[in-house]
Amino acid sequence: MRIQDQLTIYIFSFNRGRFLSNAIDSCLRYAPGVPVHVIDDNSDDPDTLAVLNNLPEGVSWVKPQARGDDRHGGLYNNMQQALDSVTSEWILFIQDDMQLVRPLEQDDAQYIADFFQQFPEKGFLNPVFLKGQRHKRDNRITRVFEDFHGYYRHYPEKKNPRGISYADVVIGHAGRLKAKGWQFSASEQTNASQANELFGGMGFMAHPFVMFLPQVPVYRGKKKTTAVALAEKWSGMEPKRFVEQSAEHWAEFKRRPLTELPVAETYLQCVDPKVKTPYQYSAVNAYWPLRVWHKISLSLK
């Protein structure tokens, strides 16, 4: 089984050209031969347009068929477009502020196949590292499958199954989603409710390979206060890329016991040594005085 024949990657982007370029580069580096498509949500900044107009071989630019006006822009319309057009068995949805962090190998293809074979009722598998800032919660709610080398979440007190049954960054079994008539709706919460009804809880990979970059610029839909603008100036606009680790590093990662959760800060290191840990995924959250100022600013509006 070749992962190049089973998986298609879709990257969803908007006005973050340097981040998009990094996401694409990581796919080509760590998943060579896997088809990569960029669905850009009508970006208009010069950096992003330059990236889109000079995509490397093996990467295609797909124009959106519909335009969204909610705080996520056209994300969910674009995800539906990706699902409707994909021909591979599995589809990986990622966004421009993310990257693949390690090579996808034969055992990863077998792992994904084994998961969907073991759980014929499931439609989603999460390939993302856990966040250190949520480590206490994840220690409490993350469980190991009795009959599979991976995780699921047990969080009965949570009212909405977002992050339990579904996440926007996920591997979907395209055939099962289509067979169930899956239609993306306008929020992660409603998609999670639909996923819970159709497929139950999603799985979490024992050996994830995708992660959000820390300290990213604010995305569309959030209010950019003076504190946010200052945080982005301090943090800089360059992607906080992850270091390329050795083959032995990843071999040890795959050999670890499942009691050691795959937390990003344990296994991933940023090229920029000034990036704060635990990682903060919005630049303003990396500077606590600015975070407080930002929250006060929002409360006064």
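Because the structure is predicted, anything quoted here is derived from the model rather than measured.
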Chi angles and distances behind the side chain to side chain contact (heavy atoms under 4.5 Å, CB included) call for Leu7, Ser88: CA-CA 6 Å; Leu7 179 70; Ser88 60; 5.6 Å; no

Would Gln95 and Leu75 count as a side chain to side chain contact (heavy atoms under 4.5 Å, CB included) here? Give the steps. CA-CA 9 Å; Gln95 297 171 22; Leu75 174 63; 3.9 Å; yes

In this structure, is the centre-to-centre distance between the rings of Phe204 and Tyr152 below 6.0 Å? no

Can you confirm if the aromatic rings of Phe119 and Phe145 lie within a centre distance of less than 6.0 Å? yes

Apply side chain to side chain contact (heavy atoms under 4.5 Å, CB included) to Phe209 and Tyr30, showing your working. CA-CA 9 Å; Phe209 60 92; Tyr30 293 128; over 6 Å; no

Surrounding NZ of Lys158 (heavy atoms of other residues, nucleotides or ligands, distance under 6.0 Å), is the total greater than 12? yes

With a sphere of 6.0 Å drawn around CD of Glu252, does it hold more than 12 non-hydrogen atoms of other residues, nucleotides or ligands? yes

Between [X] (side chain only) and [Y] (backbone N and O only), is there a donor and an acceptor less than 3.5 Å apart?
X: Asn15; Y: Asp44; result: yes
X: Tyr10; Y: Gln81; result: no
X: Gln117; Y: Ile112; result: no
X: Asn160; Y: Gln189; result: yes
X: Glu89; Y: Ala174; result: no
X: Tyr76; Y: Glu188; result: yes

Tell me every residue that passes side chain to side chain contact (heavy atoms under 4.5 Å, CB included) with Gln183, counting only those two or more places apart in sequence or in another chain. Gln80

With Asn54, which residues qualify under side chain to side chain contact (heavy atoms under 4.5 Å, CB included), at least two apart? none

Hydrophobic cluster membership, [X] vs [Y], 4.5 Å side-chain cutoff:
X: Val169; Y: Leu20; answer: yes
X: Ile141; Y: Val170; answer: no
X: Leu100; Y: Trp250; answer: yes

Close side-chain approach of [X] and [Y], heavy atoms under 4.5 Å:
X: Asp5; Y: Arg2; result: yes
X: Thr8; Y: Trp90; result: no
X: Phe199; Y: Leu177; result: yes
X: Tyr155; Y: Arg137; result: yes

Whether Arg256 engages the ring of Phe253 as a cation-pi pair (distance to the six-membered ring centre under 6.0 angstrom, angle to the ring normal within 45°) should be assessed. yes

Exercise answer: donor-acceptor pairs, residues 235-247 side-chain atoms, under 3.5 Å, sequence neighbours excluded:
from: Ser235; atom 1: OG; to: Gln215; atom 2: NE2; distance (Å): 2.9
from: Ser235; atom 1: OG; to: Lys240; atom 2: NZ; distance (Å): 3.4
from: Glu238; atom 1: OE2; to: Arg18; atom 2: NH1; distance (Å): 3.1
from: Lys240; atom 1: NZ; to: Ser235; atom 2: O; distance (Å): 2.8
from: Lys240; atom 1: NZ; to: Glu238; atom 2: O; distance (Å): 3.3
from: Arg241; atom 1: NE; to: Asn22; atom 2: OD1; distance (Å): 3.1
from: Ser246; atom 1: OG; to: His249; atom 2: N; distance (Å): 3.1

What distance separates [X] [atom1] from [Y] [atom2], expressed to the nearest 0.5 Å?
X: Leu92; Y: Met98; atom1: CG; atom2: CE; result: 8.5 Å
X: Phe116; Y: Glu121; atom1: CZ; atom2: CD; result: 10.5 Å
X: Trp61; Y: Ile11; atom1: CH2; atom2: CD1; result: 14.0 Å
X: Leu213; Y: Asp96; atom1: CG; atom2: CG; result: 9.5 Å
X: Asn77; Y: Met79; atom1: CG; atom2: CE; result: 11.0 Å
X: Leu104; Y: Tyr111; atom1: CG; atom2: OH; result: 13.0 Å

Does a side chain donor of either [X] or [Y] reach within less than 3.5 Å of an acceptor in the other side chain?
X: Ser193; Y: Thr190; answer: no
X: Ser297; Y: Thr225; answer: no
X: Asp114; Y: Gln118; answer: no

Do any side-chain atoms of residues 257-278 form donor-acceptor pairs under 3.5 angstrom with protein atoms, and if so which ones, sequence neighbours left out?
from: Glu265; atom 1: OE1; to: Gly132; atom 2: N; distance (Å): 2.9
from: Glu265; atom 1: OE2; to: Tyr279; atom 2: N; distance (Å): 2.7
from: Asp272; atom 1: OD1; to: Lys274; atom 2: N; distance (Å): 2.9

Does [X] have any salt bridge (Lys or Arg N to Asp or Glu O under 4.0 Å) partners at least two apart in sequence or in another chain, and if so, which?
X: Arg29; answer: none
X: Asp45; answer: none
X: Asp108; answer: Arg102, Lys254
X: Glu248; answer: Arg255

Using a 3.5 Å cut-off and no angle test, enumerate the donor-acceptor pairs between side-chain atoms of residues 122-131 and protein atoms at least two apart in sequence or in another chain.
from: Lys122; atom 1: NZ; to: Gly201; atom 2: O; distance (Å): 2.7
from: Asn126; atom 1: OD1; to: Val128; atom 2: N; distance (Å): 2.9

At their closest point, which heavy atom of Ala192 faces which heavy atom of Ser165, and how far apart are they? O-CB, 3.8 Å

Could you report the tightest heavy-atom contact between Val210 and Val101, atom names first, then the distance? N-CG2, 4.4 Å

Using distance only, find each side-chain donor-acceptor pair of residues 33-40 under 3.5 Å and give its atom names and separation, not counting sequence neighbours.
from: His37; atom 1: ND1; to: Ser60; atom 2: OG; distance (Å): 2.4
from: Asp40; atom 1: OD1; to: Ser13; atom 2: OG; distance (Å): 2.6
from: Asp40; atom 1: OD1; to: Ser43; atom 2: OG; distance (Å): 2.7
from: Asp40; atom 1: OD2; to: Asn42; atom 2: N; distance (Å): 3.3
from: Asp40; atom 1: OD2; to: Ser43; atom 2: N; distance (Å): 2.7
from: Asp40; atom 1: OD2; to: Ser43; atom 2: OG; distance (Å): 3.1

How are the rings of [X] and [Y] set to each other: parallel, tilted or perpendicular (split at 30° and 60°)?
X: His149; Y: His207; result: tilted
X: Phe212; Y: Tyr281; result: perpendicular
X: Phe93; Y: Phe12; result: parallel

Under the side chain to side chain contact (heavy atoms under 4.5 Å, CB included) rule, what do Arg16 and Asp97 come out as? Steps first, then yes or no, please. CA-CA 8 Å; Arg16 289 191 292 206; Asp97 60 344; 3.6 Å; yes

Scan for salt bridge (Lys or Arg N to Asp or Glu O under 4.0 Å) pairs involving residues 139-155, sequence neighbours excluded, and state none if there are none. Asp138-Arg153, Arg140-Glu157

Taking only distance into account, with no hydrogens and no angle test, what donor-acceptor pairs under 3.5 Å do side-chain atoms of residues 283-292 form with protein atoms, sequence neighbours excluded?
from: Arg291; atom 1: NH1; to: Asn285; atom 2: O; distance (Å): 2.8

